[in-house]
Engineer: 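Before I ask anything, let me first share the structure, which is written out below as structure tokens.
First the proteins, then the strands, lettered A, B, ... as listed; each starts at 1.
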Amino acid sequence: MIHSYKFDDKNIVLDVFSGSIHLVDEVAYDVINLYESKSKAEIVDEVYSNYNASLGISRDDVLECISDVETLKAEGKLFAPDKYADIAANFRKKNFYIKALCLHVAHTCNLNCSYCFASQGKYHGQRAIMSYEIGARALDFLIENSGYHKNLDVDFFGGEPLMNFEVVKQLVMYGRELEKKHNKNIRFTLTTNGVKLDDEVIDFCNDEMHNVVLSLDGRKEVNDRFRVDNMGRGSYDVIVPNFKRFVEKRGDKSYYMRGTFTHYNTDFLNDIKHMADLGFSELSMEPVVTDPSEPAALTEEDLPILFDQYEELAREMIKRNKQGNGFTFYHYMINLTCGPCIYKRVAGCGSGTEYMAVTPWGELFPCHQFVGDSKYSMGDIYKGVTNTAMRDKFASLNAYSRPECQNCWAKLYCSGGCAANSYHATGEVDGIYEYGCKLFKKRIECALAVKLSESTSSSSEAQE
Amino acid sequence: TIQTRDLSKSIKDGGCGECQTSCKQDCENAKK
């Protein structure tokens, strides 16, 4: 299977199952797109008649191009066969070792964002704070169930995790003891709204956190529409100075500034540029996933606007990269030469199997987005996973598990997508969140265009 | 043709599971 598309002056061909990417000229673009549906003679006739006048090509030129395509096919770089279905079906069922936990250290928040999927941090329940004892037991549970995995991930999440900062610090110290004792490497991460991001927290994060996510929605008026405190006051003026101080002291360690865009700011590129102009360089801006009846929900009419914004974002990044003041965008970060293996690509995030969320009272859920939904409770950190049927259900989710994805060119990038998004959009974890699929495919096209602009200064090289 | 990781070859050299969980990337093995 191939996917071909044009981005500005580039003709791009992705070979889905080999992962190969080709930059081609107009003649090759047409030859490749006709290759599987027409005979060689028909391809020559059609391409020759299309380009003889404008490009001065001969029939032999077209034949030579067809020969190049045949060579690439023989090398497995074009029209490569799909041989991954069995891997997808069996990979998650080989073992149920756990390598990542999301610790909900605080089911409470000092902001009151109306679009919060966690219902202002309480997850449709009561306010709660994780005790050190529960957190330490969760880390023990992770170590006990990690099997051969050396690298483990622990994310401090909420609510607002800094509402329980003392326990966060104690748990990191305990985790460091466990690392030495069991020869493991724990990557701690934390997500914060920035309200309590003072110098003590900043120094601690810079010492101990592999990654930190800073929540900001962009421009002041956009951020303060939703991200307000319990008195209804906007948070921008409080959190931006904190974030600036954090990043100044962060050095070259990882962070992300992450925002959410809604129907109210479909011009989200302006928010990304605002973040970049504030001096933040590691950026992410995500579409809100909410009930379609909500005024903030994205609509079908928004789609062309969003597509245009993603394309303009790619152009902006290419421009700024050339100027030496570039920034990264989470979804456009694709490592072409040393990217993920096929196992990672077919199996996705591992929610419900190797990744789980832990509530303040020690209950296990497939991921943070299922917390509070009792039918997705999987067990607890004392008895382990007792709802094995649910684990088996999540183990069956992959890039090949949905019939609708069989002919999708993007499935080895989305890995079957997000089970929580599918659930919230369709009521089933194995449903299809079509709106998200459309946005995802546009983002991948743009991401590849950005990467290709780094690889080659102009598509004219394809004509040399 | 842009240089990319050959997915079919990663059947043999992939699957170690040591990469970071991704939702809230580089593969160290592929760099070797």
Engineer: To the nearest 0.5 Å, what is the distance between SG on B:Cys27 and OH on A:Tyr343?
Structural biologist: 12.0 Å
Engineer: Measure distances from A:Leu412 to the heavy atoms of chain B and classify the residue's part below 4.5 Å as side chain, backbone, both or neither.
Structural biologist: side chain
Engineer: What heavy-atom pair brings B:Gly15 and A:Cys341 nearest, and what distance separates the two atoms?
Structural biologist: N-SG, 3.3 Å
Engineer: CD/B:Glu18 to CG/A:Asn151 distance, rounded to the nearest 0.5 angstrom?
Structural biologist: 4.5 Å
Engineer: Can you tell which part of A:Ile21 gets under 4.5 Å to a heavy atom of chain B, answering side chain, backbone, both or neither?
Structural biologist: both
Engineer: So, does A:Thr337 use its side chain to make a donor-acceptor pair with the main chain of B:Thr4 at under 3.5 Å?
Structural biologist: no
Engineer: Restricting to non-hydrogen atoms, name the atom on B:Cys19 and the atom on A:Lys344 that form the minimum distance, rounded to 0.1 Å.
Structural biologist: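 Scanning both residues, the minimum pair turns out to be SG-CD, 3.7 Å.
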Engineer: Got a second to check how far B:Arg5's CZ is from A:Asn335's CG, nearest 0.5 Å?
Structural biologist: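 With rounding to 0.5 Å, CZ (B:Arg5) is 9.5 Å from CG (A:Asn335).
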Engineer: If you compare all heavy atoms of A:Val16 against all heavy atoms of B:Leu7, which two are closest, and at what distance to 0.1 Å?
Structural biologist: O-CD1, 3.9 Å
Engineer: How far apart are the closest heavy atoms of A:Ala100 and B:Thr21, and which atoms are they?
Structural biologist: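 Heavy atoms of A:Ala100 and B:Thr21 come nearest at CB-OG1, 3.3 Å.
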Engineer: Counting only heavy atoms closer than 4.5 Å, note whether A:Leu78 contacts chain B via side chain, backbone, both or neither.
Structural biologist: neither
Engineer: Among the options A:Lys83, A:Arg187, A:His22, pick out the one with the most heavy-atom pairs lying under 4.5 Å from chain B.
Structural biologist: A:Arg187
Engineer: Provide the closest heavy-atom pair for A:Gly339 versus B:Ala30 in the form atom of the first, atom of the second, distance.
Structural biologist: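 Closest approach of A:Gly339 to B:Ala30: O-CB, 4.5 Å.
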Engineer: More than 12 heavy atoms of other residues, nucleotides or ligands under 6.0 Å from NZ of B:Lys9: is that the case?
Structural biologist: no
Engineer: Based on non-hydrogen pairs under 4.5 Å, which of A:Lys77, A:Gln369, A:Lys150, A:Lys99 is most in contact with chain B?
Structural biologist: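 Maximum pair count with chain B is reached by A:Lys99.
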Engineer: At a heavy-atom separation under 4.5 Å, does A:Tyr148 approach chain B through its side chain, its backbone, both, or neither?
Structural biologist: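 Both backbone and side chain.
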